[in-house]
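Structure first, then comments.
Since this is a predicted model, take the numbers as computed values, not measurements. Both backbone and side-chain heavy atoms feed into the values below; hydrogens, waters and symmetry mates do not. Here, residue 1 is the first one in the sequence, and each next residue gets the next number.
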Amino acid sequence: MTKQTKITATEARFALESLTLSPLNPRQDVPEADVIELAESIWTAGLIQNLSGLADATGGAEIVAGGRRLRALKYLAKQHPDMAETRPELANPMINLAPDRTTGEAWALSENIARRALHPAEEIRAYGKMEQGGSTPAIIARAFAVTEKHVYRRLALAHLPAPVLDALQADEISLSNAAAFTISDDEKRSLEVLEQVRGEGASDHNIKRMLKPDAVRGTDRRAIFVGEDAYKAAGGRIGGDLFADESLFDDPEKLDEVFGEKLDAAATLLTGKGWKWAEAISDSYIGYHTIEDRKFERIYAAQGDLTEAETERYDELAELAEAEVLGEDGEAELATLQEKLDGAFSAEQKAVSGVMVYVDREGRLQGYEGLVAREDNQAAIEAGFLRKPTRMDADDAEPKSPISQKLRDDLDRVVRGARQHAALRDPDMILALLAFQLTGKGGYRGSPFGIRTDDVPNWPTTEGAGYVLDDRLTTPTNGPKDPWNIDLARSFRAFKGKGMEHVMAELHRHLAALLSAPSDLAPVIDKQVTTSIREVWTPTAENFFSRVGGPYLNDLWSDLLGLAAGHPTVTTFEKLKKGEKAEKLESLFGDDATRTALGLTDEQTARIAAWLPEGMA
């Protein structure tokens, strides 16, 4: 047993002028600017850490650890001649005295290798005290050798109620818990919540919810649409989650009030632009059922035409927008072309229809245009914007249509056939429509082809363990934000506008993901595309070895290494637990170092690289 020698040190105060820098101190040269910055810190926050040294023969001490602090103290003594009276603790600093020179040498080295980090609560209070003394975050950062960002985050906590910082220092709450308290300026409520969560391991989210149960985040669509200025002008209060860089709207009723007023004002503005009516909807979208329930018909603006040059430019800008490299000027130009392509409602159309306005999930004002109310149907029909209905509701006085439903279905089929006949003249459009449908960009209603896209399972229950597919098979396509409410014509034009190379790439990857060949066709496909299972799958303990029996693993180990049943390497393996066998086989397949350690031949290595369980080959 090794004896441990207890080293004792004596603390004593020494007059500053009796202290000198020991030659043992590794920091013999320190930039003057660093000394000045540290001096400002000490003057404001005090001497947080004692100096350490060896007593000398003259009644003073040689400082072995804390040379920069010693220089800073002597700098302060020159700047403040009365420091002995005003700050006696700095004029007579406490020194930890080493019992012998060997200990002093150890202190001198360890001081610069391992320093005790301040507890976050101590650090927060020290930074706060320096800030109150006039130090800037930059000065504090240099004094403590940390980044300015770190200082700002700590200073954000410096104004918390003292009991919260006390709880942090006592490790009754975490640092992130303490940060959650910064959203509240109600000290009474903060202390009530503190008593409920101290020592309970509460989540930051729950603390914030308890502090402000009704607050609305600045990312809420209503907050984005209204804006902070309008909300505050109406008397709303703004809080903040400093660590999430997010504002909190503390008066939800006031926010709803201002939101409703601004949305109504937008609807009123539209009635002044020719629409017969405009209605504000508080929901985040207008769904198909809303239109059905209100028994609206819909008319559409006549689609505009682009010149050949404009079409080429539109496609070019759309491709840049997809790549997110389109500047403001390009966005404005694309918007102008899109507006021309979309066409515009005529004054006559507006006179018999209206628009619903709403704010979407991103806080943007949207309009659902060309809605014809029931009482305006006849006027829209007479103006030629709507067709006279072929079937009437039972309560309508109009006579029953002479065209039966069966005949209507046949006529619809004829229309569909004519469309198919014409589509044969444009194979590029056919491929673009197919790719458009497969990518899901048409939402729930955008299925121009009568084909199924059944899920073809290609992902095992063990997920990604030893299994890696091409990203094109595993990365989902970004679909529309509201798959029920989408302008299909506009969406398809934008998709096709990216060019046939993009269309073919999307078609390629989505058809590949649907590939499920029958057994008599699979060999032909595999030969054509050189299918390699081991290219995407490697057996691991999780995906294979732990799911078969121990005797199977024993035989596999022996076969792969080409060893006889009684070989020491085989018998050693057989004595392992099943989990250890699975791990060892996983290492054999996946770790070059393991194969090297076993001294495998090229033949053995090739056998392992090609091996597949029966039924997969």
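The residue from Asp283, Asp256, Asp360 that alone fulfils the salt bridge (Lys or Arg N to Asp or Glu O under 4.0 Å) condition with Arg222 is Asp256. When each of Asp185, Asp251, Asp250 is paired with Arg237, the side-chain hydrogen bond (donor to acceptor under 3.5 Å, both in side chains) condition holds for Asp251 and for no other.
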Quiz prompt | CA sep, side-chain torsions, deciding dist, call: Arg217, Asp220, salt bridge (Lys or Arg N to Asp or Glu O under 4.0 Å) | solution = CA-CA 6 Å; Arg217 294 184 178 279; Asp220 184 274; over 6 Å; no
Quiz item: After noting the C-alpha distance and the side-chain angles of Lys254 and Glu257, does the key distance pass the salt bridge (Lys or Arg N to Asp or Glu O under 4.0 Å) rule?
Solution: CA-CA 5 Å; Lys254 179 62 66 176; Glu257 177 186 330; 3.6 Å; yes
Practice problem: Report the C-alpha distance between Leu365 and Phe225 in whole Å, list the side-chain angles of each, state the deciding distance to 0.1 Å, and finish with yes or no for side chain to side chain contact (heavy atoms under 4.5 Å, CB included). | Solution: CA-CA 8 Å; Leu365 183 67; Phe225 178 65; 4.0 Å; yes
Practice problem: Take Leu90 and Met83 through the side chain to side chain contact (heavy atoms under 4.5 Å, CB included) test and state the conclusion after the steps. | Solution: CA-CA 7 Å; Leu90 300 182; Met83 191 169 75; 4.1 Å; yes
Practice problem: Verify side chain to side chain contact (heavy atoms under 4.5 Å, CB included) between Arg221 and Ile224, making sure each step is shown before the conclusion. | Solution: CA-CA 5 Å; Arg221 67 185 183 94; Ile224 296 172; 5.6 Å; no
Quiz prompt | Test log, rule side chain to side chain contact (heavy atoms under 4.5 Å, CB included), inputs Phe181 and Val193 | solution = CA-CA 9 Å; Phe181 280 90; Val193 172; 4.1 Å; yes
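Ile281 has its side chain out of reach of Val359: every pair of non-hydrogen atoms, C-beta onward, lies at least 4.5 Å apart. At a threshold of 4.5 Å between non-hydrogen side-chain atoms, the residues Glu542 and Arg547 do not count as touching. Residues Pro539 and Leu585 form no side-chain contact, since every pair of their non-hydrogen atoms from C-beta on lies 4.5 Å or further apart. Within the 4.5 Å cutoff, the side chain of Leu51 has no heavy atoms near those of the Asn96 side chain. At least one side-chain heavy atom of Leu588 sits less than 4.5 Å from a side-chain heavy atom of Leu598. At least one side-chain heavy atom of His80 sits less than 4.5 Å from a side-chain heavy atom of Trp43. No side-chain heavy atom of Phe249 sits less than 4.5 Å from a side-chain heavy atom of Val226. His119 has its side chain within reach of Leu168: a pair of non-hydrogen atoms, C-beta onward, lies under 4.5 Å apart.
Heavy-atom contacts from other residues, nucleotides or ligands closer than 6.0 Å to NZ of Lys262 number more than 12. A 6.0 Å sphere centred on CD of Glu62 holds more than 12 heavy atoms belonging to other residues, nucleotides or ligands. With a 6.0 Å radius and a threshold of 12 heavy atoms from other residues, nucleotides or ligands, Arg13 has its CZ atom above the threshold. The number of heavy-atom neighbours closer than 6.0 Å to CD of Glu195, taken from other residues, nucleotides and ligands shown, is above 12. Other residues, nucleotides and ligands contribute at most 12 non-hydrogen atoms within 6.0 Å of the CD atom of Glu535.
Tyr127 and Glu123 share a side-chain donor-acceptor pair at under 3.5 Å. Using modelled atom types and a 3.5 Å distance limit, the side chains of Asp56 and Thr58 yield a donor-acceptor pair.
With hydrogens and angles disregarded, no donor-acceptor distance shorter than 3.5 Å links the side chain of Ser52 to the backbone of Val64. Checking side-chain atoms of Thr182 against main-chain N and O of Ala179 turns up a donor-acceptor pair under 3.5 Å. Remark: side-chain polar atoms of Gln169 are not paired, donor with acceptor, to backbone N or O of Asp166 under 3.5 angstrom. Arg71 places no side-chain N or O within 3.5 Å of a backbone atom of Lys74 that could act as its donor or acceptor partner. The backbone N or O of Ala332 sits less than 3.5 Å from a side-chain atom of Thr336, completing a donor-acceptor pair. Distance alone, capped at 3.5 Å, is enough to place a donor-acceptor pair between the Thr268 side chain and the Asp264 backbone. Ser135 places no side-chain N or O within 3.5 Å of a backbone atom of Glu131 that could act as its donor or acceptor partner. Using modelled atom types, one side-chain atom of Thr86 and one backbone atom of Asp82 make a donor-acceptor pair closer than 3.5 Å. Remark: the backbone N or O of Pro88 is paired with a side-chain donor or acceptor of Asn92 at under 3.5 angstrom. A distance-only check finds a donor-acceptor pair linking the side chain of Arg69 to the backbone of Asn50 [under 3.5 Å].
In plain terms, the two heavy atoms of Leu263 and Ala280 that are nearest each other are CG-CB, 3.6 Å. Considering all non-hydrogen atoms of both residues, Ile238 and Glu228 come closest at CD1-CG, 4.1 Å. The heavy-atom pair separating Leu160 from Val164 by the smallest distance is CD1-CG1, 4.0 Å. Here the closest non-hydrogen pair linking Leu165 and Ala121 is O-CB, 3.8 Å. Annotation for Leu16 and Ala77: closest pair CD2-CB, 3.9 Å, computed over non-hydrogen atoms. Considering every non-hydrogen atom in both Ser203 and Asn177, the closest pair reads C-ND2, 4.2 Å.
Between atom CZ of residue Phe589 and atom CD1 of residue Ile608 there is a gap of 6.0 Å, rounded to the nearest 0.5 Å. Rounding to the nearest 0.5 Å places OG1 of Thr594 at 10.0 Å from CD of Glu586. Taking CG from Asp204 and OG from Ser174, the interatomic distance works out to 5.5 Å, rounded to the nearest 0.5 Å. For the atom pair CZ of Phe573 and NZ of Lys584, the computed distance is 8.0 Å after rounding to the nearest 0.5 Å. For the atom pair CD of Glu187 and CG of Leu194, the computed distance is 10.5 Å after rounding to the nearest 0.5 Å. Annotation: the span from Glu40 atom CD to Gln79 atom CD amounts to 10.0 Å, rounded to 0.5 Å.
Of the charged side-chain nitrogens involved, at least one lies within less than 4.0 Å of a carboxylate oxygen, so that Glu192 and Arg189 count as a salt-bridged pair. A salt bridge between Glu89 and Arg87 is present, with a side-chain N of the basic residue lying under 4.0 Å from a carboxylate O of the acidic one.
For an aromatic pair to be called close, the ring centres must be under 6.0 Å apart, and Tyr231 with Phe259 fails this.
Taking Asp329 as the reference, nothing meets the side-chain contact (heavy atoms from CB on, under 4.5 Å) condition, with sequence neighbours excluded.
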